[in-house]
Amino acid sequence: MKLGLGVTGIAISLVVATAQGDCPDYTTYAQSPQGNPSSGPLGLPYMRPDPACRTFNSTSVEKVILDMKSRLKDPDIARLFENTFPNTLDTTVKYYNEGENLAFIITGDITAQWLRDTGNQFAHYHNLLSIDADLANLVKAVINNEARYVSQYPYCGAFQPPPESGLEPSVNDWALGVVVNPPVNNQTVFECKYEVDSLCGFIKLSSSYYEATKDVTMMNAEWLAAINQIFRVINEQSQASFDANWNFVSYYNWTGLPGSLPGAVNNGGNGEPKGYTGMVGTHHRPSDDLSTFAFLTPANAMLSVELNNLATILDHAGVAPNISFQAKHWSKTIEQAIWEHAVVDGIFAYETNGLGSRYVMDDANVPSLLSLPYLGFLDMNHPDYVRTKKMLMSRGNPYYAKGRDFSGIGGPHIDVWNPWPMSQVSNIFGTNDDEEILTSLYTIVNNTGGLGLIHESIDIYNVSRYTRPWFAWANSYFSEMLLDLAQRKPHLIFTDSKPYTPGQ
Ligand SMILES: *[C@@H]1O[C@H](CO)[C@@H](O)[C@H](O)[C@H]1NC(C)=O
Ligand SMILES: *[C@@H]1O[C@H](CO)[C@@H](O)[C@H](O)[C@H]1NC(C)=O
Ligand SMILES: *[C@@H]1O[C@H](CO)[C@@H](O)[C@H](O)[C@H]1NC(C)=O
Ligand SMILES: *[C@@H]1O[C@H](CO)[C@@H](O)[C@H](O)[C@H]1NC(C)=O
Ligand SMILES: *[C@@H]1O[C@H](CO)[C@@H](O)[C@H](O)[C@H]1NC(C)=O
Ligand SMILES: *[C@@H]1O[C@H](CO)[C@@H](O)[C@H](O)[C@H]1NC(C)=O
């Protein structure tokens, strides 16, 4: 998707919304500056929908916006925070019924719920869940809806609205020509690419909710069934492709016919063969592209961290000790396998196959190698991370690109000359260097195309060319990073140097 856009600061909002039915489509809305420019040099527009059109209201979220706006020294950054921090609640809660404990959250301009995206679309509200019961209940309903999806289809990553919502499933043109095993029902599943980090997204959101609320009722039968399915996937996908007698073992395979994205997959839809390492294989990357080699280092790093979080909440709740035991066992096994197989000469490979092959690169979104500290896998000062990060933000990474204004890490999902702002956010989470933080921050802030929202990717040859005008996860990740700086580096962004934590 490539979209042009208008010039900075011109208000062309013609639609006046009165009720949800009259609300403008936010994909269209997000492609033009909606007026009320900020007072900084960039004059960024106010892009929140009309209050009547917002999909969830939260007073605690509004308070964080006011707190941050009163402290941020750059009015353009304040405007970006104001637009991005509430974006998930303003625009993506497509269905919510508290009584049913069900919520359907879309990614933005694609009407489907991705496990990965939702895990991140709510990450920046974590500190508010302990003080805002309404927001916490929404998150609980998101988790419960996902528990249903995962218990039924643990290999899939993107889903249709729950039947209770009465919403029509959307047709995914890219999935119509796909043959996937185990087979799926397209009334429930939007897309069944197997990406192990999707399961991590579900655990991450569950841990965030439990940690903040200590509400053990989240761990209902459906949720436990989902967690058990995750261990089924871990057991199946950690195995070598061939057994000792050269029988080829396939638990999941995906074959695209012409017109699907990506196209045909070799070896009967299984992709490249793998050996045993202790890591868990994945078929597709977090970008939804096909993996080159099955063992995706950053997804395994996230899995190791999230399994440990899972064990912690289960132990605290005194629930399912056998699952907790398995979670700790796998968390350790995966962590050891990463250090043993993915790191050579202090450089992390993005993918390995357990047979000696490795692919040194990084992809744009999260989990990525650049985001290893954000994921909680290691400290940003770990020498192997420092060495790897330097290489990733240089020509050593085939998917790094730099133009006059914009630079960063892209990926084959769009192309190599369209890096993603998200990679610059990950870079900030991976450094303590003030100058580097400010350069990455302004590389993002200067390049929203005058629209005041965070996009998927930006063309290094022309920053007016970008993809995905409405991408809730990118908006959330950006504001989460500003909240991190508010604690870690307040002097860089505030008028004073007092740290700020939401909800405190
Ligand atoms: C940059 O892209 C925009 C939007 O596609 C286009 O209108 C403009 O002509 C391009 N500028 C240059 C210098 O190519
Ligand atoms: C949010 O509040 C506005 C009034 O400020 C109201 O019109 C709107 O319906 C509310 N949205 C929801 C989802 O409750
Ligand atoms: C489900 O698949 C059938 C058969 O390919 C197709 O006709 C229909 O449009 C699909 N529905 C959705 C919601 O994808
Ligand atoms: C595809 O996976 C199914 C299990 O879901 C398996 O029965 C079948 O043999 C696999 N096919 C291939 C070609 O690997
Ligand atoms: C935990 O025990 C239950 C009950 O025996 C079983 O159904 C489930 O598969 C076990 N889960 C794991 C991850 O071992
Ligand atoms: C951002 O834009 C300002 C004003 O044009 C410029 O001074 C600054 O160097 C830019 N920063 C980056 C990292 O591009």
Side-chain angles (χ1 to χ4, degrees), residues 1-10 31-33 38-44 73-77 79-80 147 150-151 154 199 202-203 206 219-238 280 303 306-308 310-311 313-315 317-331 333-334 393 401-408 414 417-419 421 423-425 427-428 431 433-452 455 457-469 478 481 492-493:
M1 197 191 333
K2 284 267 168 71
L3 298 148
L5 53 101
V7 257
T8 309
I10 299 172
Q31 288 173 53
S32 325
S38 56
S39 59
L42 297 169
L44 297 177
K73 62 183 164 199
D74 182 334
D76 295 326
I77 292 183
R79 174 51 54 76
L80 271 177
V150 175
S151 60
L199 301 172
F202 172 66
I203 303 175
S206 301
M219 300 172 181
N220 59 20
E222 197 107 66
W223 186 83
L224 286 169
I227 298 291
N228 276 313
Q229 286 298 310
I230 292 175
F231 283 95
R232 172 190 137 199
V233 171
I234 289 173
N235 281 309
E236 292 176 355
Q237 295 303 323
S238 53
V280 179
L303 186 58
E306 293 305 333
L307 288 175
N308 201 40
L310 175 65
I313 64 167
L314 288 171
D315 290 351
V319 168
N322 68 327
I323 300 182
S324 168
F325 178 84
Q326 287 291 323
K328 284 177 204 153
H329 162 75
W330 275 108
S331 176
T333 304
I334 293 164
M393 296 296 272
K402 188 168 165 47
R404 194 194 52 195
D405 297 315
F406 193 66
S407 63
I414 305 298
W417 51 92
N418 276 271
S423 68
Q424 293 289 356
V425 174
N427 195 54
I428 294 171
T431 182
D433 183 286
D434 288 3
E435 201 182 321
E436 187 182 6
I437 290 172
L438 287 175
T439 301
S440 282
L441 180 59
Y442 277 94
T443 298
I444 306 167
V445 171
N446 283 358
N447 294 303
T448 70
L451 288 172
H455 299 130
S457 75
I458 299 171
D459 189 328
I460 59 162
Y461 301 117
N462 179 347
V463 295
S464 297
R465 293 179 183 276
Y466 67 92
T467 58
R468 298 198 68 186
F478 175 80
M481 172 272 291
L492 286 185
I493 55 171

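Start at 1 and go down the list; that is how both ligands and their atoms are numbered. The structure displayed is predicted, hence computed values, not measured ones.
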- prompt: Would you say the side chain of S206 lies within less than 4.5 Å of the side chain of W223, judging by non-hydrogen atoms?
  reply: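 Yes - at least one pair of side-chain heavy atoms lies under 4.5 Å apart.
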
- request: Please tell me if the side chains of P41 and D76 come closer than 4.5 Å, counting only heavy atoms from C-beta onward.
  value: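 In short, these two side chains touch, coming nearer than 4.5 Å.
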
Geometric N/O contact N462 with ligand 1, under 3.5 angstrom: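 By distance alone, the answer is yes.
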
Scan the protein's non-hydrogen atoms and note whether one is under 4.0 Å from [atom].
atom                    : answer
atom 1 (C) of ligand 6  : yes
atom 11 (N) of ligand 6 : yes
atom 5 (O) of ligand 6  : no

query: Short N/O distance, under 3.5 Å, between Q326 and ligand 5?
result: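 Not met; the criterion fails.
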
message: Show me which atoms of ligand 6 lie under 4.0 Å from any heavy atom of T443.
response: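 Heavy-atom distances to T443 below 4.0 Å select 13 (C).
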
- request: Mark up the atoms of ligand 6 that fall under 4.0 Å of a heavy atom belonging to T439, in ascending order.
  value: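 Selected atoms, number and element: 13 (C).
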
- request: Measure the CD1-NE2 distance between I234 and H329 for me, rounded to the nearest 0.5 Å.
  value: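 It is 9.5 Å, given to the nearest 0.5 Å.
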
message: Evaluate L307 against F231 for side-chain contact (heavy atoms from CB on, under 4.5 Å), listing each step before the verdict.
response: CA-CA 10 Å; L307 288 175; F231 283 95; 3.9 Å; yes

message: Testing the 3.5 Å rule here: is there a donor-acceptor pair between the side chains of T443 and Q424?
response: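 No, no side-chain donor-acceptor pair sits under 3.5 Å.
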
- request: Assess whether side-chain contact (heavy atoms from CB on, under 4.5 Å) is satisfied between F406 and N462, documenting all intermediate values.
  value: CA-CA 9 Å; F406 193 66; N462 179 347; over 6 Å; no

- prompt: Is it the side chain (CB and beyond), the backbone, both or neither of N446 that lies under 4.0 Å from ligand 6, heavy atoms counted?
  reply: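 It is the side chain that gets close, since no backbone atom is under 4.0 Å.
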
Residue, atom name and distance, where the atom is the protein heavy atom closest to atom 14 (O) of ligand 5: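 Going by distance alone, atom 14 (O) of ligand 5 is nearest to N322 ND2, 3.4 Å.
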
Which residue and heavy atom of the protein sit nearest atom 8 (C) of ligand 5, plus the separation: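 Checking every protein heavy atom, the shortest distance to atom 8 (C) of ligand 5 gives N228 OD1, 3.4 Å.
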
- prompt: Where is the tightest heavy-atom contact between L441 and I428, given as atom of each residue plus distance?
  reply: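 Scanning both residues, the minimum pair turns out to be N-CD1, 3.6 Å.
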
